[in-house]
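Along the sequence shown, the residues carry numbers beginning at 1.
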Amino acid sequence: MNSSDFYAKTAPSKLFFLIAIPGAISMIASSLWGLFDGIFVGKFLGETAFAALNLAFPFVLINFSLSDLIGVGSAVNISIFLGKNQEEKANNYFTCACILIFLVGVLSGAVIFFSAPFLMQLMGAEGELSNMAVQYIRVYAVASPFTTMVFAVDNFLRICGKIKGSMALNIIMSILILGLEYLCLAVLKMGISGSALAVSCGMFLCTVIALYPFVKKKLTLCFCRPHFSVKMIRQITAGG
């Protein structure tokens with residue numbers, strides 16, 4: 001029985017506990033890393049670093065939102081194909097979406113990296129504040145191709161019925177980032193770039209963990225030889 005058949009035959013009250021509650025916990029856990037980031041930077045690096053983080057953070061979120069757009073948009077189409085038992089098309093959309101996320105991460109990361117000083121200037125930042133914000137955002141920009149996938153793969157796990165697995169992934173990510181933040185800021189004294197590095201490393205490790213069952217073909221979706229088309233990209237963008 002695939003995940004769509006399982007959900008169709010399961011009572012709504014049971015689905016609430018199987019999907020809604022783990023999904024809510026997953027969303028809360030996935031948002032905690034941003035809270036940890038601010039707390040650690042403010043505590044160990046001071047007010048200027050905290051201001052720099054808040055100045056740069058919107059651009060970090062914009063970068064993540066682009067991959068999330070692809071993840072959500074592809075998830076819509078993948079779910080439709082799986083509901084129609086068209087697994088070959090579903091796997092192709094899944095594979096192409098992962099490639100697109102990596103390519104968009106490279107492109108958006110490059111744009112943000114080279115435009116960071118100009119962006120901070122537009123925001124009115126100067127001197128040390130601007131330098132810290134640029135350092136912070138550039139670490140995320142370099143890591144972008146390897147970290148932005150974590151938000152999309154969360155959708156893919158849920159499509160495959162791994163609701164609790166998605167929840168566990170987000171909890172692990174927040175705990176991992178918490179530990180790495182303390183290591184980079186309190187122990188290694190790496191400065192504000194260490195904060196961004198800690199978050200990026202945590203996301204990368206969780207991305208590897210999440211992609212492993214897809215690579216090993218242990219889930220409904222798996223990687224295949226990609227076949228891109230204009231229609232596919234249009235559907236993914238519209239769905240996102």
Please report, to 0.1 Å, the donor-acceptor pairs under 3.5 Å made by any side chain of residues 194-201, with sequence neighbours excluded.
from: Ser195; atom 1: OG; to: Asp37; atom 2: OD1; distance (Å): 2.2
from: Ser195; atom 1: OG; to: Glu181; atom 2: OE1; distance (Å): 3.3
from: Ser195; atom 1: OG; to: Glu181; atom 2: OE2; distance (Å): 3.4
from: Ser200; atom 1: OG; to: Ala196; atom 2: O; distance (Å): 2.9

Can you list, pair by pair, the side-chain donor-acceptor contacts under 3.5 Å of residues 40-47, counting residues two or more places apart and other chains?
none

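- When the side chain to side chain contact (heavy atoms under 4.5 Å, CB included) test is applied to Val187, the partners found at least two apart in sequence or on another chain are Tyr182, Leu183.
- Under the 4.5 angstrom side-chain criterion for Ile, Leu, Val, Met, Phe, Trp and Tyr, the cluster partners of Val142 are Phe113, Phe114.
- Residues forming a side chain to side chain contact (heavy atoms under 4.5 Å, CB included) with Lys217 (at least two apart in sequence, or on another chain): Cys222.
- Each ring pair (Phe, Tyr, Trp, His ring centres under 6.0 Å) pair with one or both residues in residues 191-225, not counting sequence neighbours, appears once here: Phe94-Phe214, Phe94-Phe223.
- Counting side-chain heavy-atom gaps under 4.5 Å among Ile, Leu, Val, Met, Phe, Trp and Tyr, the cluster of Val76 also holds Ile80.
- Residue pairs satisfying the side-chain hydrogen bond (donor to acceptor under 3.5 Å, both in side chains) criterion with at least one member in residues 112-125, sequence neighbours excluded, are absent.
- The side chain to side chain contact (heavy atoms under 4.5 Å, CB included) search around Ser79 returns Ile159, not counting sequence neighbours.
- Other members of the hydrophobic cluster containing Leu122, listed by chain and number, are Phe118; membership follows side-chain contacts under 4.5 Å among ILVMFWY residues, whether direct or relayed.
- In terms of the side chain to side chain contact (heavy atoms under 4.5 Å, CB included) criterion, residue partners of Thr148 (sequence neighbours excluded) are, by chain and number, Asn63, Phe64, Ser67, Ile101, Ser144.
- With sequence neighbours left out, Gln235 forms a side chain to side chain donor-acceptor pair (under 3.5 Å) with Tyr93.
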